[in-house]
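Data first, discussion second: the structure below is written as structure tokens.
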There are 2 protein chains.
Amino acid sequence: MSIQKLPGKIPTVRQSRGELQRPPIDKKEPGARRLRVMEAKKEVIHQAALEIFSQYGFYGSSLDQIANLADISKTNLLYYFGSKEELYLSVLKRLLHIWLEPLLNFTADQEPLQAIREYLRIKIQYSRNHPKASRLFCFEVMHGAPLLKDELEGALRELVTQKAVVIRHWIAAGRLAPVDPYHLIFSMWATTQHYADYAVQIQAILGKDLTDDEFLEEATANIQKIILNGIAPR
Amino acid sequence: MSIQKLPGKIPTVRQSRGELQRPPIDKKEPGARRLRVMEAKKEVIHQAALEIFSQYGFYGSSLDQIANLADISKTNLLYYFGSKEELYLSVLKRLLHIWLEPLLNFTADQEPLQAIREYLRIKIQYSRNHPKASRLFCFEVMHGAPLLKDELEGALRELVTQKAVVIRHWIAAGRLAPVDPYHLIFSMWATTQHYADYAVQIQAILGKDLTDDEFLEEATANIQKIILNGIAPR
DNA sequence: GTCTATAATATGATAGAC
DNA sequence: GTCTATCATATTATAGAC
């Protein structure tokens with residue numbers, strides 16, 4: 001099988017829980033410490049799950065892989081998250097707000113070209129800072145988005161519809177060339193997310209990715225140039 | 001489990017192999033007929049495999065699902081393709097040439113804006129006609145392209161490098177605005193493939209996809225407008 | 001070529017001791 | 001909370017009859 005899974009165990013720093021460890025200062029209430037420890041562990045599991053899920057998808061990932069990466073036992077993992085699906089959903093939900101966020105500060109009172117330039121910059125930085133999140137999202141959508149469909153048809157659709165109105169106003173005011181707002185938004189999503197979702201392909205062609213600061217600047221500048229020239233009023 | 005797999009069996013037209021069936025005319029050599037029947041069956045399996053693999057990825061798909069869709073037994077499927085991976089690879093290889101093809105007729109002797117306009121049209125039509133292929137490709141790349149890496153770093157890289165040279169010549173001749181050729185190519189890929197890979201999201205937002213001829217025209221026109229304006233010489 | 005077992009394994013999930 | 005079995009199932013792949 002040349003499609004290999006992850007190496008059995010990656011070297012992780014195991015937090016020693018020796019007796020010397022001091023109880024934290026802000027002990028607000030009984031059990032607060034324990035609660036925080038649990039939350040921290042959940043966070044570690046989340047990280048590991050994102051890593052694995054984003055690479056292999058839901059079906060291709062096993063709880064064993066995730067548990068190994070988080071350096072706990074599978075049973076223990078299932079103590080924190082009752083089932084594989086519960087864990088997956090928990091990870092997905094976390095990503096959603098990150099996903100919707102950049103579109104929020106995209107308001108009518110801004111200078112259109114400046115707003116779009118800034119949006120592209122933020123989106124591509126999101127592709128650099130959260131490439132796994134982007135890929136997991138892509139996986140989910142390609143699966144038919146069984147778990148996100150409600151969100152897509154609800155919150156996302158609503159948000160995009162609003163922003164389309166903003167764009168239309170800009171066009172009506174002659175501050176933007178007449179393009180369909182939806183296709184413009186899709187183009188912006190596509191060009192920026194491409195650098196995360198197809199990172200392996202870009203790496204194969206150019207030997208670079210967005211972790212290279214210079215390449216990040218280059219990509220940002222070029223996308224901005226193409227799209228901003230593309231929709232500047234003439 | 002709300003991530004449901006495919007319904008057990010989709011109604012497929014089962015080719016009756018009754019005695020009335022006439023042997024085909026072009027019986028070139030002994031066994032030719034049998035060979036053709038086998039090839040036809042392989043083709044059916046390919047179709048089914050693409051359908052399933054493109055939706056659930058390699059790990060998420062089972063031979064049972066594929067066999068059901070192809071209306072044969074799993075054992076029989078394994079008679080034609082020795083293993084799951086062999087089948088997967090066979091499907092992937094078929095797609096590769098389709099994937100590289102459009103970039104081929106992109107030559108220096110053409111009028112640049114016309115060539116790019118045409119390329120965008122072809123690529124988005126490819127997204128309409130082969131959405132599953134596009135998604136399977138995306139799956140594979142997101143998995144880290146273990147099976148395609150050689151092709152990506154070889155044939156694809158080579159091809160893209162050549163086309164980048166063509167674009168640079170156009171720019172040097174002042175027939176195109178100065179943009180980085182690679183980022184331009186990535187932008188063209190991204191915007192056109194987005195309509196296949198993220199079809200479910202677009203469907204959630206607009207209720208349309210590329211099978212709608214009007215929407216296809218709309219998408220094509222807008223992408224062309226944005227990118228062609230974006231890189232037109234000024 | 002196609003079928004019926006069946007082997008061999010991976011994996012999600014639970015029970016119960018500590 | 002964490003661990004050691006252990007169950008139950010899904011799934012790839014093979015053996016061998018017809």
Side-chain angles (χ1 to χ4, degrees), chain A residues 1-9 14-18 21 30-45 48-49 52-53 56-91, chain B residues 1-8 14-17 21 30-45 48-49 52-53 56-91:
Chain A
M1 186 78 151
S2 62
I3 302 181
Q4 76 283 21
K5 299 226 172 173
L6 211 71
K9 193 160 191 161
R14 172 144 207 166
Q15 202 69 22
S16 125
R17 288 167 304 168
Q21 202 158 8
R33 177 202 164 96
R34 166 173 296 185
L35 254 176
R36 261 200 329 283
V37 170
M38 283 186 70
E39 284 310 310
K41 204 156 187 178
K42 278 193 168 188
E43 176 57 31
V44 171
I45 296 172
I52 302 295
F53 280 140
Y56 302 102
F58 178 80
Y59 301 109
S61 306
S62 76
L63 292 181
D64 254 329
Q65 281 177 296
I66 296 168
N68 277 340
L69 192 58
D71 200 26
I72 59 172
S73 71
K74 183 171 62 173
T75 329
N76 197 211
L77 190 160
L78 284 166
Y79 170 78
Y80 287 94
F81 296 91
S83 72
K84 185 182 182 181
E85 193 181 348
E86 186 182 325
L87 172 58
Y88 183 73
L89 249 168
S90 179
V91 172
Chain B
M1 184 77 150
S2 64
I3 303 179
Q4 76 284 23
K5 300 226 170 173
L6 211 71
R14 169 143 211 166
Q15 202 67 24
S16 125
R17 289 168 305 168
Q21 202 159 9
R33 177 202 165 92
R34 166 171 297 186
L35 254 178
R36 259 199 332 283
V37 170
M38 282 185 71
E39 284 309 310
K41 203 155 187 176
K42 279 193 167 188
E43 175 58 31
V44 170
I45 296 173
I52 302 294
F53 280 140
Y56 302 102
F58 178 79
Y59 301 109
S61 307
S62 78
L63 293 179
D64 253 329
Q65 280 177 297
I66 297 169
N68 277 339
L69 192 56
D71 201 25
I72 60 173
S73 72
K74 182 171 60 174
T75 329
N76 196 212
L77 189 160
L78 283 165
Y79 171 79
Y80 286 95
F81 297 90
S83 71
K84 185 182 181 181
E85 193 181 346
E86 187 183 323
L87 172 59
Y88 183 73
L89 249 168
S90 180
V91 172

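Computed over heavy atoms, backbone and side chain alike; hydrogens, waters and symmetry mates excluded. Letters A, B, ... are given to chains in the order of the sequence lines, protein chains preceding strands, and every chain is numbered from 1. This is a predicted model, so every value here is computed, not measured.
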Taking only N and O in the side chain of [X], is any of them less than 4.0 Å away from OP1 or OP2 of [N]?
X      : N       : answer
K41(B) : dT2(C)  : yes
Y59(B) : dT11(D) : no
T75(B) : dT2(C)  : no

Open item on the list: Tell me if a side-chain donor or acceptor on K84(B) pairs with a main-chain N or O of F58(B) at a distance below 3.5 Å.
Closed with: yes
TODO: State, yes or no, whether a side-chain contact exists between E86(B) and Y80(B) at a heavy-atom distance under 4.5 Å.
DONE: no
Report the distance from atom [atom1] of [X] to atom [atom2] of [N], rounded to the nearest whole Å.
X      : N       : atom1 : atom2 : answer
I72(B) : dC3(C)  : CD1   : P     : 8 Å
K84(B) : dA13(D) : NZ    : C1'   : 12 Å
D64(A) : dC3(D)  : CG    : P     : 13 Å
I52(B) : dA10(D) : CD1   : P     : 17 Å
D71(A) : dT2(D)  : CG    : C1'   : 13 Å
Y80(A) : dG1(D)  : OH    : P     : 6 Å
I66(B) : dA13(D) : CD1   : C1'   : 14 Å
L77(B) : dT11(D) : CG    : C1'   : 13 Å

Task: Proximity to the side chain of L78(B) - top-ranked nucleotide from dT11(D), dT14(D), dT11(C) - done: dT14(D)
TODO: Just compare dA13(D), dG1(C), dG1(D) and give me whichever is closest to any side-chain atom of N76(B).
DONE: dG1(C)
Open item on the list: Pick the closest DNA chain C nucleotide for S83(A) and for R34(B) by heavy atoms, then say which residue is nearer the 5' end.
Closed with: R34(B)
Open item on the list: If the condition is side-chain contact (heavy atoms from CB on, under 4.5 Å), which residues does A48(A) pass it with, not counting sequence neighbours?
Closed with: I66(A), L69(A), A70(A)
Task: Residue list, side-chain contact (heavy atoms from CB on, under 4.5 Å) with E43(B), at least two apart or on another chain - done: Q47(B), R94(B)
TODO: Just call it for L63(A): base, sugar-phosphate, or nothing, with non-hydrogen atoms closer than 4.0 Å on any strand.
DONE: sugar-phosphate
Task: Value rounded to 0.5 Å, distance of CZ in F53(A) from OG in S61(A) - done: 5.5 Å
- [ ] Take G82(B) and Y79(A), find for each the nucleotide of DNA chain D with the closest heavy atom, and name the residue whose nucleotide sits nearer the 5' end.
- [x] Y79(A)
